[in-house]
Amino acid sequence: MPEAIQKDTLIGKRITKLDAPEKAGGKTRYIQDLDVQGQLYGKILRSSRVHAKIKSIDTSAAKALSGVHAVITAADVPYQRPIGVAKDHFPLKTDRVRSLRDEIAAVAAESEAIAEAALKLIRVEYEDLPVLADPNESLKPGAPLIHPEPHGATAKHDHLKQAQGIAYAGKPDNIAMVFDYAQGDVAAGERESDVVFEDTFHLHYVTHCCMGVSGIIAEFDSSGNLLMYSNTQVPFLHKREFAEILAMDPARIRIIQPPIGGGFGSKLDIYPFEPITVFLARATGRPVKLIFTREEEFLASPTRQPVILTLRSGCKKDGTLTFRTVSTLHDNGAYTSWGATTPFVMMQTISSLYRVPHCLYHTKAVYTNNPYAGSFRGYGNLQATFAVEQHMDMMAEAIGMDPLAFRLKNAQDPGEVTPQGMHFKSCGLKECLTTAAEASGFLAKAGANRANRDKPGRFKHGIGIASMLHVGGGAKIYPSDGCGTILKMDDFGSVTLITGASEIGQGSETVLAQLVCEELGLPLSAVRVINNDTEITPWDVGVHASRTTFIAGNSAIGAAKKARGKILAAAGKMADLNPDELDLRGGHIVEAKSGKVVMTLAKLLRQLHFSDKAELVMTSFYYEPPSKHQDKHFKGDVSAAYAWATQVVEVEVDTDTGIVRLLKVTGAHDVGRVLNRLGIEGQIEGGIVMGQGYALTEELLVENGVVRNPGFRDYKLVTAPEIPEMDVRFIETMDGEGPQGAKGVGEAPAICIAAATANAIENATGVRIMALPFTPEKVYRALKAKGQHH
Amino acid sequence: MTALDNYIAPTSLEQAVEQLQELGEVTILAGGTDLMPQANAGRVKFKRTLMNIRRIPELRGIVREDGEIRIGALTTIAEIMAHPLVSEHLPLLVSTGDHFASGQIRNAATLGGNICNASPAGDTLVPLMVLGASVELASKPDDKLFRRSMPLPEFFVGPGKTRLAPAELLTAVRIPIPPKGFVARFHKFGTRPALDISAISIGVAGVLKDGKLSQVRVAFGAVAPTPVCGCATEEALEGKKLDAATIDAAAQAAQDEVHPISDVRASAWYRKEMIHNMTRRILEDVAANH
Amino acid sequence: MSQQTIDFTLNGVPTRVSVPVQMSALEMIRNVAGLTGTKYGCGEGECGACTILLDGVSLNSCLLFAVECDGRAVTTIEGLAADPVGLRIEKAFVDAGAVQCGFCTPGMVMQAKQLLEQNPHPSREEIQRGIEGNLCRCTGYVKIVDAIEAASKE
Ligand SMILES: Cc1cc2nc3c(=O)[nH]c(=O)nc-3n(C[C@H](O)[C@H](O)[C@H](O)COP(=O)(O)OP(=O)(O)OC[C@H]3O[C@@H](n4cnc5c(N)ncnc54)[C@H](O)[C@@H]3O)c2cc1C
Ligand code: FES
Ligand code: FES
């Protein structure tokens, strides 16, 4: 036993991930790698038409194939209920198909090969309907309707049509959702303006491309309890939703989450393949495993929300912003998922990234026969920031102010409450702006590039800046935005941390373990994290809105503090010392001042345990952030903290080809406080490259409802040789509510890259492009149109 | 399901061509980097027999024969890049390989497979054309091994279509050792250094003497159903001094003589623009560095 | 469907399996031999998650016909546990923070092993080129390059 132990901290250190050794050795079992004794393999037959009535489905030949256990269509599951954010989507399609990915039938068979062969034997007769491929067309009077009449129950099950909730009522027009927000008086704002710009920005389809494709295993036990192995990011919400869809008691549903091959927002909704797999398990009485192919992943997973955004904004000659009017058209696709609700985030950027007195925001999400959009890291913010930050540059130029000074003039300060009701208790925007600008030499380079751009030469250099605001302390969109923790100590001084927060590769379990160790003075090796079984873990609202470190972190700290209190009280009693003068360090109880060791933690725990008033150290804590719901005007302080960042992007534009290369990204991120430096750097670097893909290389090409590039060959993720040099700085604003001062950062790094790249291309060439992505052909066309090609 | 029900892996060329003749319905497998994904996507159907030709030693190796370099059909892109004879005489193939797919694929993809796959965007085809390569084919219609050869451009008929007879194997590629003063360039258009399908590609070669280009060969990839000769461009260059006017004329000729299509990778318009701009850049580079 | 019996060594262990002729080595390794460290990411050679070594040369196992393994030595990520260089790379990945969701990691490690074998002291640029056939959606590659660089310096 050492004599004395001095105070040490894990906060801010480079801590390796707890699960990394297993993963690096190929030992981690993802959903694809799991097999359940007796399992069958599920496959889904998808529509071969973009928009059509289903005239008939003949499954007889498929059913007759040896090794096929079940072939189901909507007619076999009359009890199915609609899924999705607007409950407009039946897992198995009933009367018509509305997009090319639509599920018509499903097979469970003894092997994947047999299941695939069976799909080929299913005959479907269609009657084609006119295709709506452009959201503008959907709004025209007389446009065909995507959800014209109640659907859900098939003719055979007429009585079910009446049953409440089973049928979807349909829509008399193609408008899925509408959002309106107003602050101040934009007309007054416009009257005060010296400069006004109005432009329309086009944001494209991209998709998550998690390296692990989607999959699920579903199984019923003899009592009818359902067990799902699922990669959902929101297990507790899904338990409830699945119960509704399947008309089951939620208590009978258990979700186990195997390690996930990437999330990024894609696993926030229920998708048809999940209930369909459950239907198959029900029909066969066997466990059913269903794993997508990569092509299916491209065709049938959600996309980022494509948006047509018209922005009108103005400022005074002195650089004060006056107003912003935004109108967006969201292509909702055929069904409504989270993409339609991205205005929640978009309006925050529009109203509150900078101080704007007058704002008007309007969104229509309209149905088309295109793929439908879900939630995706950044949640509308990439789209909004792309428009806002380009206009910031344009206005600065118009009034002859440098883009940095213009932003600083309008930047938010700590303590500010915006007209939308957000309260920025900590706010490092100004520091982010100046740090990123100084570290990159922004002003000098911008001036030099501008001076060079009309000189001859094939390659032009440009530098661009953009900032972002995003929720960093959860987002109260459900009745609770909280998370529970159970903490259990064994009699050897080790901790089991049972948290509601799922791990989706972002490294949350390591940060949580670290926060607990910090309270209990333990090495990381003393902590096991359990986070993947709804039967065991306490409630959590799910992984989204960059909330896990913040909310689950505070929850873990809460439980650890309770345990610490218990331990120190007991130690004080045992050693006859004042508990307030004790501390936990290195697995020991010590005197706080001198570090003198009093006893080992393990010994204390055993004494507690084996005493006559035997007690185990086990605590629980539920953390609910002090955020508020927005009112019906979308006003309110939805997050307990807000994250800020500025990114400066440097590009090289090849005027002969239109190829844009990202040379360097300098980022300054207000992260509250750095908890695990290694982890946070990794999050930011990964986000930067995801933003790079959004800006330059990735585009899901959808033509007339057909995805033209469902594979990595023509859907181009950024590869290693293409990444820019990165210089990432952390601004530590020590948020008062954050765990050890930290704020959420998961989404931030991807958000401003496209906007900053647009500004950099303009700086390099004088050409401003308002549509993404900046493919060589698009850039070349724009250069050519402006006579910038040599 | 497929009718594939037989697998053979002959260990000599004789044996292979005999079996090809005998069995008739045979799918040839080399590195498999085209065959596997094409079969999975249903774009090619297996014939009754799959013949793995990778156990045939005669199809391997790079040697110098007379005035030619002979590269066995089974030689992988990685092997070509690493071979001293290639770096000495055909450095163009080293840089071509450097833009080809990824490390893993370069280890598997064979030269013969790239040629027989006959994709208009196949990356060795354009360089081989401007190097004046010919292909060597073997079959055994009767008791005797029958070999023939033909200039590479004649070998291609359309996308995935060649003049290879049903019972014939591609055994090697022959490339004349370039003369003194020979210059050659290959440009593959893409945003990545490799792992990219060419939206267009350009090969230019010739003998540069006293600032003049002669014996010019120009070829383009991904602008037609097969890689094509840039005959008008060749004419614009042949025997001319490589000055600004010649380069402009050649770039214009190149743009005028290609008739590409629009697809997910690029529009026809953009392809023509790039043929023009990149032809010009290649020629400027040749003029500047020699 | 025609089955073919093949003999090869899998991570040094003599192995005999019977496989359909058109089966990929990836399917064979995962579903017949039961080693799941080798991942399916695309099935068409674009992502590198399925990278293995065949006679010491790295390949996409999704493009490789299983029958081609006959008579040869197959090494998968599981086999690197017996290889000092392999272990060094794995440890470097952990230490450098190169693992997030980890789905790309086995393939990255395999390709890194190939890279360091061919070029023991690569520059950062050479490392980036060396892993151009391996996609990662999480990390932005920086820490992966750091890891391979660190492994090369040990
Ligand atoms: C991800 C990816 C990236 C790629 N990138 C590139 C690239 O950058 N550039 C490029 O050009 N290609 C690329 N390819 C295509 C492919 O790798 C090449 O065409 C490769 O050279 C094919 O060789 P192989 O040995 O793998 O052919 P295989 O797939 O074995 O065979 C291809 C075809 O040729 C026939 N064949 C093969 N050898 C012979 C022979 N000796 N005699 C008769 N017939 C024969 C086969 O029957 C088959 O029809 C890429 C492929 C993938 C999957
Ligand atoms: S699975 Fe083989 S390269 Fe993607
Ligand atoms: S760590 Fe997730 S794909 Fe690389």
Side-chain angles (χ1 to χ4, degrees), chain B residues 1-9 11 26-55 74 76-79 81-82 97-110 113 190-197, chain C residues 1-6 18-27 42-72 107-108 110-115 117-119 122 125-135:
Chain B
M1 252 171 267
T2 68
L4 175 61
D5 68 358
N6 187 27
Y7 169 73
I8 50 177
T11 50
V26 178
T27 301
I28 295 168
L29 164 66
T33 61
D34 277 320
L35 188 59
M36 181 68 100
Q38 288 170 4
N40 288 342
R43 269 178 285 133
V44 297
K45 287 248 179 308
F46 285 113
K47 308 222 176 85
R48 287 204 60 176
T49 300
L50 183 71
M51 177 190 281
N52 181 356
I53 59 172
R54 294 189 47 107
R55 308 292 148 107
L74 272 184
T76 63
I77 305 299
E79 286 162 354
M81 289 171 73
D98 195 44
H99 297 297
F100 193 104
S102 63
Q104 291 95 320
I105 289 172
R106 290 191 285 272
N107 284 339
T110 66
T191 51
R192 294 172 175 174
L195 197 62
D196 215 348
I197 298 176
Chain C
M1 239 183 294
S2 152
Q3 293 278 129
Q4 189 70 27
T5 301
I6 53 171
S18 171
V19 293
V21 173
Q22 69 271 45
M23 181 180 264
S24 70
L26 174 64
E27 266 185 274
C42 69
E44 46 182 33
E46 295 282 347
C47 78
C50 65
T51 303
I52 59 161
L53 303 179
L54 186 66
D55 289 340
V57 173
S58 72
L59 302 173
N60 305 100
S61 63
C62 68
L63 298 178
L64 182 71
F65 283 72
V67 287
E68 174 57 17
C69 297
D70 191 34
R72 308 181 69 172
M108 286 283 185
M110 294 307 283
Q111 185 59 14
K113 153 96 179 151
Q114 170 87 118
L115 174 65
E117 213 124 88
Q118 288 175 342
N119 182 359
E125 206 175 312
E126 285 167 337
I127 295 172
Q128 285 170 270
R129 285 294 315 267
I131 55 167
E132 69 195 346
N134 295 70
L135 296 176

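Reminder, nothing fancy here: chain letters follow the sequence lines and each chain counts from 1.
The part of C:Gln4 that comes within reach of chain B is its side chain, from C-beta onward, which places non-hydrogen atoms under 4.5 angstrom from that chain. The parts of C:Leu59 that come within reach of chain B are both its backbone and its side chain, each placing non-hydrogen atoms under 4.5 angstrom from that chain. For chain B, the nearby part of C:Thr51 is the side chain; its heavy atoms alone come within less than 4.5 Å. Neither the backbone nor the side chain of B:Ala9 comes within contact range of chain C, judged by heavy atoms closer than 4.5 Å. Both the backbone and the side chain of B:Ala194 come within less than 4.5 Å of a heavy atom in chain C.
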Pair C:Glu132-B:Arg192, side-chain contact (heavy atoms from CB on, under 4.5 Å): steps then yes or no: CA-CA 9 Å; C:Glu132 69 195 346; B:Arg192 294 172 175 174; over 6 Å; no
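Taking the side chain as every heavy atom from C-beta outward, B:Asn40 and C:Gln22 never approach each other to under 4.5 Å. Side-chain contact between C:Ser2 and B:Leu4 is absent, with no heavy-atom pair separated by less than 4.5 Å. Taking 4.5 Å as the limit, some side-chain heavy atom of C:Glu46 sits within range of a side-chain heavy atom of B:Leu195. Using a 4.5 Å cut-off on side-chain heavy atoms (C-beta onward), B:Leu35 and C:Phe65 make contact.
B:Asn107 and C:Gln114 get closest at one heavy-atom pair: ND2-OE1, 3.0 Å. Closest of all the heavy-atom pairs between C:Gly133 and B:Ser102 is CA-CB, 3.4 Å.
B:Gln104 contributes atom CD, which lies 10.0 Å from atom CG of C:Leu53 (distance to the nearest 0.5 angstrom). Here the straight-line distance linking atom CD1 of B:Ile105 with atom CG of C:Asn60 works out to 5.0 Å at 0.5 Å rounding. Between B:Tyr7 atom OH and C:Thr5 atom OG1 the span is 12.0 Å, to the nearest 0.5 Å. We find the CG-CE distance between C:Leu26 and B:Met36 to be 9.0 Å, quoted to the nearest 0.5 Å.
Between C:Glu68 and B:Arg54, at least one side-chain N (NZ, or NE/NH1/NH2) sits under 4.0 Å from a carboxylate O, which counts as a salt bridge.
Between the side chain of C:Arg129 and the backbone N or O of B:Asp98 there is at least one donor-acceptor pair closer than 3.5 Å.
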